[in-house]
There are 2 protein chains.
Amino acid sequence: MLTERQLLILQVIVDDFIESAHPVGSRAISKKEDIPYSAATIRNEMADLEEQGYLEKTHSSSGRVPSEKGYRYYVDHLISPSGHAHNGDVISPMIKDGFFEFEQIVQMSAEVLSELTNYTSIILGPELFETKLKQVQLITLSAHTAVAILVTNTGHVEHRSFSIPVEIKSSDLERMVNILNERLHDVPILKLQEIFNTEIAAMMKMYVEDFDRSYNYLKAAFLSDHPVKLYIGGKSNILRQPEFNDVDKIRSFFTMMDKEEEIISLLKHTDHGINVSIGKENEVDAIKDFSLITSSYQLGDGQLGTIALLGPMRMEYKKVISLLNVVSNEMTDALHMWYKNNE
Amino acid sequence: MLTERQLLILQVIVDDFIESAHPVGSRAISKKEDIPYSAATIRNEMADLEEQGYLEKTHSSSGRVPSEKGYRYYVDHLISPSGHAHNGDVISPMIKDGFFEFEQIVQMSAEVLSELTNYTSIILGPELFETKLKQVQLITLSAHTAVAILVTNTGHVEHRSFSIPVEIKSSDLERMVNILNERLHDVPILKLQEIFNTEIAAMMKMYVEDFDRSYNYLKAAFLSDHPVKLYIGGKSNILRQPEFNDVDKIRSFFTMMDKEEEIISLLKHTDHGINVSIGKENEVDAIKDFSLITSSYQLGDGQLGTIALLGPMRMEYKKVISLLNVVSNEMTDALHMWYKNNE
DNA sequence: ATTAGCACTCGCGGCTACTGAGTGCTAACA
DNA sequence: TGTTAGCACTCAGTAGCCGCGAGTGCTAAT
């Protein structure tokens with residue numbers, strides 16, 4: 001167990017290192033305002049803290065640096081819960097004015113978040129199990145091409161253009177779309193695939209000639225592969241962090257950021273509330289010396305999406321956590337309003 | 001003027017440097033197959049070439065490196081026009097299979113292009129002066145929210161969700177959409193604004209109550225700010241180039257790539273055909289030691305879009321130029337087919 | 001006109017010395 | 001017994017030096 005004094009010292013070290021990015025030594029600590037102990041005392045305590053795994057040295061005669069365990073303890077116990085509360089209203093102002101496009105707001109939030117922190121922000125769009133299909137449109141551009149448009153109750157629009165093989169009659173297409181609109185109205189997006197394969201298939205068989213082809217075409221057009229949308233802000237902002245002085249690090253970071261699926265998998269299974277993953281706690285290797293802070297924003301009862309900040313382990317946890325709190329609440333509120341309007 | 005031999009030597013130096021990224025010395029050149037001269041002779045010629053500004057030294061006793069002028073000459077005169085013709089069909093295979101979504105194809109082309117070259121590819125979406133509005137849809141999500149959807153003849157879909165102030169009657173909205181569909185069918189996107197301000201305004205005044213508000217809402221919803229879309233491939237691919245060993249360079253590159261407008265302005269005013277900008281020839285400071293190779297793809301008579309590769313000055317010009325030729329032709333063909341279908 | 005030869009230049013990798021920040025430990029102190 | 005002063009030690013970082021090698025420019029010979 002840690003003594004009061006050790007806690008104090010750990011706190012000071014983490015704070016200092018977060019700010020300066022330099023290993024912190026005993027003398028520097030003993031000089032601080034609220035530290036009445038001598039450098040030697042500090043050294044003894046630091047040795048203890050290191051023994052217990054909360055601190056590390058970068059080399060045998062360097063100052064101390066927090067270990068992952070140290071950060072973990074700091075995040076769990078040493079952050080004054082209320083302290084440093086970010087003064088509200090980060091994104092609300094953007095929503096105030098009449099127009100209100102969901103995707104735009106999310107994208108802007110991501111950018112603001114990144115700008116405010118110099119980390120990279122990631123927002124996972126609304127999960128779809130609360131999102132329902134509102135309407136299906138098929139607009140033919142010509143005899144052989146058409147655009148299928150799906151609109152959800154959240155205002156999200158998904159579209160795919162495709163070419164129509166000559167074998168398919170336009171009357172059949174029309175009929176199909178009618179069927180779709182009838183059967184799929186207010187169906188949660190997530191259940192789309194299922195319904196497609198059962199009900200719709202059955203129904204269409206009755207009405208539509210040359211069923212097989214038409215069906216497959218529509219199906220492919222309507223079931224998109226990426227059910228969640230990813231918004232990333234300030235990919236390059238993070239380059240301002242001093243830990244990015246190594247070209248290899250940059251390379252591996254950016255190659256990871258190019259892989260959408262990987263990022264999504266990172267964020268997918270998040271609990272409600274704020275969640276911090278430090279270093280190797282992250283399941284993806286590529287960010288094993290990053291920290292990832294996630295929060296969720298909600299709509300009604302169901303969890304909707306995830307909002308996250310990715311930065312070095314040496315992260316301004318206090319600031320980021322309260323900021324993320326504020327923003328996710330703001331987004332929840334905004335969506336709540338939106339939802340109410342649409343019901 | 002340059003002698004035959006000087007041309008040969010210049011060519012060899014540029015080729016060699018492009019491949020190796022190391023300054024090339026006289027001895028290395030004299031050893032090559034098709035060089036029957038001694039190192040000393042080469043040295044004399046190199047001194048001449050340097051005097052005339054085609055070569056540079058990195059320091060007083062280093063080998064030679066092509067200067068911007070050297071690259072320029074190389075590109076203009078030393079690239080065998082037909083040589084190294086890239087064996088066709090880079091993206092055609094992707095288009096073959098039934099589905100055919102324009103945006104997907106462009107995005108994939110960008111990625112393929114970057115993967116093939118290890119440079120960053122940029123594709124400017126179709127310019128809109130050939131693109132015509134096909135249909136306008138207004139889908140109301142609820143009493144107070146709606147999605148406006150515009151579909152163009154190229155299959156591009158633009159959408160905006162907005163909230164409807166209580167003052168506006170839904171019957172008015174409906175009427176407006178009808179007017180829009182009637183008047184705007186087949187109108188080039190570029191003329192949208194103009195027509196909006198004259199004809200539509202006049203027409204709507206006659207039919208719609210509370211004209212001013214409704215009008216402004218629709219106008220804002222329908223006139224998007226970004227008339228061209230940007231597709232970027234392999235932003236991080238370019239990190240494999242050895243010139244990116246400097247963190248500052250990376251930083252400035254990525255911060256530039258975040259500014260869409262800047263990139264668009266880079267590519268906007270391109271002639272037909274292939275165009276090469278080397279180093280300071282580029283108007284944007286941030287890429288003053290990059291080369292940018294652009295080509296255009298077309299639809300019918302009008303130029304449609306630009307396709308570009310951004311890399312170090314030490315670029316594989318031969319390969320890139322022929323590759324870009326092939327790809328832009330392929331895209332032109334693809335769009336031509338598409339266009340024919342839609343007419 | 002070409003080439004061989006030679007002196008010279010300069011970047012670079014390796015070695016050494018020095019400095020300064022920081023530690024661990026011991027012994028003295030309250 | 002907890003705290004502190006003192007001291008020897010460690011190590012990263014920097015500067016200076018040396019020698020190597022790749023390359024040049026120039027001169028003189030072919």
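Below, chains carry the letters A, B, ... as their sequence lines are ordered, and counting in each starts from 1. As a basis for the values below, the full set of heavy atoms in this structure was taken, side chains included, without hydrogen atoms, waters or symmetry mates.
- Comment: Glu243(A) does not engage Lys249(A) in a salt bridge, judged by the lack of any side-chain N to carboxylate O separation of less than 4.0 angstrom.
- To the nearest angstrom, C1' of dT24(D) lies 15 Å from CD of Glu51(B).
- Counting to the nearest Å, the P atom of dT4(D) and the CE atom of Met46(A) are 14 Å from each other.
- Judged by distance alone, with hydrogens and angles left aside, the side-chain atoms of Ser114(B) form no donor-acceptor pair with the main-chain N or O of Ala110(B) at under 3.5 Å.
- The CZ-P distance, from Arg64(A) to dA21(C), rounds to 18 Å in whole Å.
- Contact record, Ile238(B) with Leu310(B): CD1-O, 3.4 Å, taken as the closest heavy-atom pair.
- Comment: Arg5(B) engages Glu45(B) in a salt bridge, judged by a side-chain N to carboxylate O separation of less than 4.0 angstrom.
- Within 6.0 Å of the CZ atom in Arg27(B), the count of heavy atoms belonging to other residues, nucleotides or ligands does not exceed 12.
- Here Lys32(A) pairs with Asp16(A) in a salt bridge; the nearest charged N to carboxylate O distance falls below 4.0 Å.
- Distances shown here put every side-chain N or O of Lys57(A) at or beyond 4.0 Å from the OP1 or OP2 atom of dA21(C).
- Under 4.0 Å is where a charged nitrogen must lie from a carboxylate oxygen, and between Glu281(B) and Arg72(B) at least one such pair does.
- Less than 4.0 Å separates DNA chain C from at least one heavy atom of each of the following residues of residues 16-32 of chain A: Gly25(A), Ser26(A).
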Tabulate protein N/O versus nucleotide N/O from nucleotides 8-12 of chain D, keeping only pairs under 3.5 Å, one per line.
unit_1  : atom_1 : unit_2   : atom_2 : d
dT10(D) : O3'    : Ser60(A) : OG     : 2.9
dT10(D) : O2     : Ser61(A) : OG     : 2.5
dC11(D) : OP1    : Ser60(A) : OG     : 3.1
dC11(D) : O5'    : Ser60(A) : OG     : 3.4
dC11(D) : O4'    : Ser61(A) : OG     : 3.2
dC11(D) : O3'    : His59(A) : ND1    : 3.4

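- When rounded to the nearest whole Å, the span between CD of Glu50(A) and C1' of dT23(C) equals 10 Å.
- Residue Asn118(A) comes nearest to Gln241(A) through the heavy atom pair O-NE2, 3.2 Å, listed as atom of the first residue, atom of the second, then distance.
- Note on residues 235-261 of chain B: pairs passing ring-ring contact (aromatic ring centres under 6.0 Å, His included), not counting sequence neighbours, are Phe254(A)-Phe254(B), Phe244(B)-Phe253(B), Phe244(B)-Phe290(B), Phe253(B)-Phe290(B).
- Salt bridge Lys288(B)/Asp285(B): absent, no basic N to carboxylate O contact under 4.0 Å.
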Listing time: all N or O pairs from protein to nucleotides 2-5 of chain C that are below 3.5 Å?
unit_1 : atom_1 : unit_2   : atom_2 : d
dT2(C) : OP1    : Arg5(B)  : NH1    : 2.9
dT2(C) : OP2    : Arg5(B)  : NH1    : 3.2
dT2(C) : OP2    : Arg5(B)  : NH2    : 2.8
dT3(C) : OP2    : Ser38(B) : N      : 3.1
dT3(C) : OP2    : Thr41(B) : OG1    : 2.5
dG5(C) : O6     : Arg43(B) : NH2    : 3.1

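- Screening residues 51-60 of chain A for side chain to side chain donor-acceptor pair (under 3.5 Å), with sequence neighbours left out, gives Thr58(A)-Ser62(A).
- Atoms CG (Leu49(A)) and C1' (dG22(C)) sit 17 Å apart, rounded to a whole Å.
- Using a cut-off of 4.0 Å between Lys/Arg side-chain N and Asp/Glu carboxylate O, Asp258(B) and Lys235(A) are scored as not salt-bridged.
- Comparing the axis of the opening five pairs of the helix from dA1(C)-dT30(D) to dA30(C)-dT1(D) with that of the closing five pairs yields an angle of 20°, rounded to 10°.
- Rounded to the nearest 0.5 angstrom, Glu111(A) CD and Ile232(A) CD1 are separated by 11.0 Å.
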